[in-house]
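I have placed the structure first, in the form of structure tokens, so that the comments after it can refer back to it.
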Amino acid sequence: QVQLVESGGGLVQPGGSLRLSCAASKNIFSSYVMGWYRQAPGKQRELVASITSFGYINYAAFVKGRFTISRDIAKTTVYLQMNSLKPEDTAVYYCNALAASLNYWGQGTQVTVSS
């Protein structure tokens with residue numbers, strides 16, 4: 001069993017920045033794909049960014065150039081640095097760990113972009 005705990009969400013003005021953190025209960029980075037997803041009210045959950053065990057990174061088209069995913073293996077933590085935030089980035093952001101048939105989610109952290 002893997003526990004994922006997100007933090008770092010909050011209210012920010014358009015153009016601002018936030019850094020989300022996802023702390024895993026154990027070191028799973030060598031065998032899991034770690035991802036950040038988001039879900040806005042009335043919309044489906046969507047992938048924001050992911051990083052594989054080999055360090056291959058994938059971004060959704062709508063965040064390229066603005067968001068950066070990274071990981072600290074020693075701290076078993078994955079980060080999502082979000083810059084140039086827009087109101088349409090408002091959503092609950094979830095951390096995910098995926099490996100074969102195993103799929104774990106964090107509880108989510110709210111990000112609200114508003115003036």
Ignoring hydrogens and geometry, is there a side-chain-to-backbone donor-acceptor pair from Tyr59 to Ile69 under 3.5 Å?
yes
Between atom OH of Tyr79 and atom CD1 of Ile51, what is the distance when rounded to the nearest 0.5 Å?
12.5 Å
Give a yes or no on whether Leu102 and Val78 share a hydrophobic cluster (residues Ile, Leu, Val, Met, Phe, Trp, Tyr; joining criterion: side-chain heavy atoms under 4.5 Å apart).
yes
Can you see which heavy atom on Gln39 is nearest to which on Lys43, and at what distance?
NE2-O, 3.2 Å
Side chains of Leu80 and Val48 in contact at under 4.5 Å (non-hydrogen atoms)
yes
Measuring only between side-chain heavy atoms, which start at C-beta, is Pro87 closer than 4.5 Å to Ser114?
no
Using a 6.0 Å cut-off, check whether atom CD of Glu88 has over 12 heavy atoms from anything other than its own residue.
yes
Residue pair Met34 / Cys95: nearest heavy atoms and the distance that separates them:
CE-SG, 4.0 Å
For the CD1 atom of Ile57 and the OG atom of Ser50, what is their distance to the nearest 0.5 Å?
8.5 Å
How close do Ala99 and Ser31 get, counting heavy atoms only, and between which atoms?
CB-O, 3.3 Å
Identify the two heavy atoms, one from Ser84 and one from Ser17, that lie closest to each other, and give their separation to 0.1 Å.
N-OG, 4.4 Å
Check: Tyr32 and Thr52 side chains under 4.5 Å, non-hydrogen atoms
no
CD1 of Ile28 to CD1 of Ile73: how many Å apart, nearest 0.5 Å?
11.5 Å
Could Arg45 and Tyr37 be counted as a cation-pi pair, given that NZ or CZ must be under 6.0 Å from the ring centre and within 45° of the axis?
no
Side chains of Thr77 and Asp72: is there a donor and an acceptor less than 3.5 Å apart?
no
Do Lys26 and Val2 have side chains that approach each other closer than 4.5 Å (heavy atoms only, starting at C-beta)?
yes
Asn27 and Thr76: CA distance, side-chain angles, deciding distance, side chain to side chain donor-acceptor pair (under 3.5 Å) verdict:
CA-CA 5 Å; Asn27 192 340; Thr76 65; over 6 Å; no
Determine whether Trp105 and Leu4 make a side-chain contact, defined as any pair of heavy atoms from C-beta on separated by less than 4.5 Å.
no
So, taking the atom named CZ in Arg19 and the one named OG in Ser70, what distance separates them when rounded to the nearest 0.5 Å?
7.0 Å
If you define the side chain from C-beta out and look only at heavy atoms, does anything of Tyr93 sit under 4.5 Å from Met82?
yes
For Leu98 and Tyr104, run side-chain contact (heavy atoms from CB on, under 4.5 Å): C-alpha distance rounded to whole Å, both residues' side-chain angles, the deciding distance at 0.1 Å, then the answer.
CA-CA 7 Å; Leu98 178 66; Tyr104 299 103; over 6 Å; no
Report the distance from atom OG1 of Thr109 to atom CZ of Arg38, rounding to the nearest 0.5 Å.
14.0 Å
Under the criterion side-chain contact (heavy atoms from CB on, under 4.5 Å), I'd like the reasoning laid out for Asn58 against Leu47: C-alpha separation, chi angles, the key distance, then a yes or no.
CA-CA 9 Å; Asn58 179 53; Leu47 176 68; 3.8 Å; yes
Spell out, yes or no, whether Val33 and Tyr94 are grouped together once hydrophobic residues are joined by side-chain heavy atoms under 4.5 Å, including indirect joins.
no
For the atom pair CD (Gln81) and CZ (Arg66), what is the distance rounded to the nearest 0.5 Å?
12.0 Å
Quick one: does Ser115's side chain have a donor or acceptor within less than 3.5 Å of a partner on Gln13's backbone?
no
Side-chain heavy atoms of Leu20 within contact of Val111, under 4.5 Å:
yes
With a 4.5 Å cut-off on side-chain heavy atoms, are Asn96 and Trp36 touching?
no
May I ask you to decide if Gly108's main-chain N or O and Glu6's side chain share a donor-acceptor pair within less than 3.5 Å?
yes
Which heavy atom of Ser53 sits nearest a heavy atom of Ser30, and at what distance?
CB-O, 3.3 Å
